[in-house]
Amino acid sequence: MSFPLLTATAVLPAIGAIATAAVPAAQRTAAKWLALLVSLGTLALAITVLVRFDPGGDRYQLTESHSWIADFGVRYELGVDGIAVALIALTALLIPFIILAGWHDADPLETGSKRWRPTQGFFALILAVEAMVIISFEATDVFLFYIFFEAMLIPMYFLIGGFGDRAHEHGEMVASTQRSYAAVKFLLYNLVGGLIMLAAVIGLYVVAGNFSLQDIAEARANGTLDMATNTERWLFLGFFFAFAVKAPLWPLHTWLPNAMGEATAPVAVLITAVVDKVGTFAMLRFCLQLFPEASKWATPAILVLALISIVYGALLAVGQRDMKRLIAYASISHFGFIIMGIFAMTSQGQSGATLYMVNHGISTAALMLVAGFLISRRGSRLIADYGGVQKVAPVLAGTFLIGGLATLSLPGLAPFVSEFLVLVGTFTRYPVIGIIATFGIVLAALYVLVLYQRTMTGPVKPEVSAMPDLRVRELVVVAPLVALLLFLGVYPKPLTDIVNPAVQQTMSDVQKKDPQPEVEAAK
């Protein structure tokens, strides 16, 4: 029997989470190093998956299949296509940086405080989320996917509510209340979406008789499974609703600014750069593959919602006073681009959406983590409390600028390629939607450049005059992310070679072809 590589990639961080939580309370530093080493081991396994994956081979590779709950047709089935491989690599890449960036975020509180933050629990929860996200990308059994799609909410709830941001202008008691509110709101929104999806999962089993993604898709393709139109549409809506909450898509987005604002910067990155990608990934893997006709039926409405997300999120980002909430609303706008690319039903749009998932993860991680370093120095998330930082901490200001420029999709940085493909792919089929969406680019330039101007330029405020520049640990976190933004900005081919075959197969699932360009005959 071949080595179960996909299982190992998900199980290693799960075992690491248990081991980290079991480290004695006095050995906080040992727990940190154990979590970091486990995350690096997971990254090595993810790289092995990436190397062994053949873009020109079968759609699902490195597959594993074992009987699990035979009476209900539930199997332990794993497999990866190019889209899943790219997102597994992104997840495994970001977790070590998240751990390093949050190295002191769960240390004991100030001297004299009666509350202690369990350091081991913080890092164990991060590894638990990593394990659940990775297996969600790997699962090809719908029920198996659903279990971990929901289970990841529990560690995220504790990370948001139990380890919130210390930089709060209203004091510890109010900060704790707001963290609890943000955590409960996150949990309730996603639980409601998950319960609706559970009803759809049960309905899918009643119709199809099993939960195997590949078997159901094959039966649909060869005509042996024929869903009634209304049945398919209701099942699609049940799945899509849960994924739209996770994504997050307007108007189901309101939990995200609270969660990202109250969480520590590394946990905010975990939310938007890792966990939320499960929602957009699932739209490609499950909605389009299982319910192709319903996906086409719902496309116009979804494109309108995505367009609202793009413009609405960007407009609210422009007016934010809180640095972390600004980045949260910017992410809502970016997820609008991703969903628009998915449902444009063009190869350029879906390739761009997949690249956007990866590039948004890297750019948001760079910007949010540097913002977290900045906030930890000043003790405030308010933009107005900063000014002239570039004169006292030029490296911090420079990396903050690169992260911001990547967020606004500057040519030469990775997000530009993906945003360009999404807009081109949308415009070829829905020109009006594509034209209006470009307004989001203008607003992105506004909120990013205004943020940089207000925090980094101008006179040096007394409160930041003694601010230290990035330390070695912080440079180790930021420098690789900046290098990736530059590399994928000028040479995205390694990534496109992996995802494009999977995108073509998804286009085949929904029986869509790219619109042919209209060329006037030469006179």
I want to check something: taking the side chain as every heavy atom from C-beta on, are [X] and [Y] in contact at a cut-off of under 4.5 Å?
X: I498; Y: L50; result: yes
X: T346; Y: T426; result: no
X: L484; Y: L93; result: yes

Name each donor-acceptor pair under 3.5 Å that joins a side chain in residues 363-373 to protein atoms two or more places apart or in another chain, with its distance.
{"residue": "S363", "atom": "OG", "partner": "N359", "partner atom": "O", "Å": "3.0"}
{"residue": "S363", "atom": "OG", "partner": "H360", "partner atom": "O", "Å": "3.3"}
{"residue": "T364", "atom": "OG1", "partner": "H360", "partner atom": "O", "Å": "2.9"}
{"residue": "T364", "atom": "OG1", "partner": "H360", "partner atom": "NE2", "Å": "3.0"}

With sequence neighbours excluded, residues passing salt bridge (charged side-chain N to carboxylate O under 4.0 Å, His left out) with E463: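 None.
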
Partners passing salt bridge (charged side-chain N to carboxylate O under 4.0 Å, His left out) against D81 (at least two apart in sequence or in another chain):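 Partners of D81 by the salt bridge (charged side-chain N to carboxylate O under 4.0 Å, His left out) criterion, ordered by chain and then number, come out as R285.
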
Holding to ring pair (Phe, Tyr, Trp, His ring centres under 6.0 Å), I want the full list of residues that pass it with [X], two or more places apart in sequence or in another chain.
X: Y329; value: none
X: F281; value: F137
X: F343; value: F240

Can you list everything that forms a side chain to side chain donor-acceptor pair (under 3.5 Å) with E474? Sequence neighbours excluded, please. R377

Rounded distance (nearest 0.5 Å) linking atom [atom1] of [X] with atom [atom2] of [Y]:
X: I310; Y: I441; atom1: CD1; atom2: CD1; result: 9.0 Å
X: R381; Y: Q320; atom1: CZ; atom2: CD; result: 10.5 Å
X: I134; Y: L87; atom1: CD1; atom2: CG; result: 11.0 Å
X: T506; Y: Q350; atom1: OG1; atom2: CD; result: 5.5 Å
X: L408; Y: H334; atom1: CG; atom2: NE2; result: 8.0 Å

Partners meeting side chain to side chain contact (heavy atoms under 4.5 Å, CB included) with [X] (sequence neighbours left out):
X: L307; value: I433, I436, A437
X: T280; value: A247, K277, F335, I338, I339, I342, M357
X: I383; value: M323, L326, L451, R454, T455
X: N500; value: S351, T496

Evaluation steps, side-chain contact (heavy atoms from CB on, under 4.5 Å), between S409 and Y356: CA-CA 10 Å; S409 299; Y356 216 135; 4.1 Å; yes

Is the closest side-chain donor-acceptor distance between Y452 and Q390 under 3.5 Å?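 A donor-acceptor contact under 3.5 Å links the two side chains.
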
Judged by modelled atom types alone, do Y189 and T254 share a side-chain donor-acceptor pair under 3.5 Å?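 There is such a pair between these side chains.
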
side-chain contact (heavy atoms from CB on, under 4.5 Å), that's the test. Do L481 and L94 meet it? Break it down for me. CA-CA 9 Å; L481 297 175; L94 290 181; 4.0 Å; yes

Please output the side-chain donor-acceptor pairs of residues 143-162 that fall under 3.5 Å, not counting sequence neighbours, one pair per line with the distance.
{"residue": "Y146", "atom": "OH", "partner": "G194", "partner atom": "O", "Å": "3.2"}

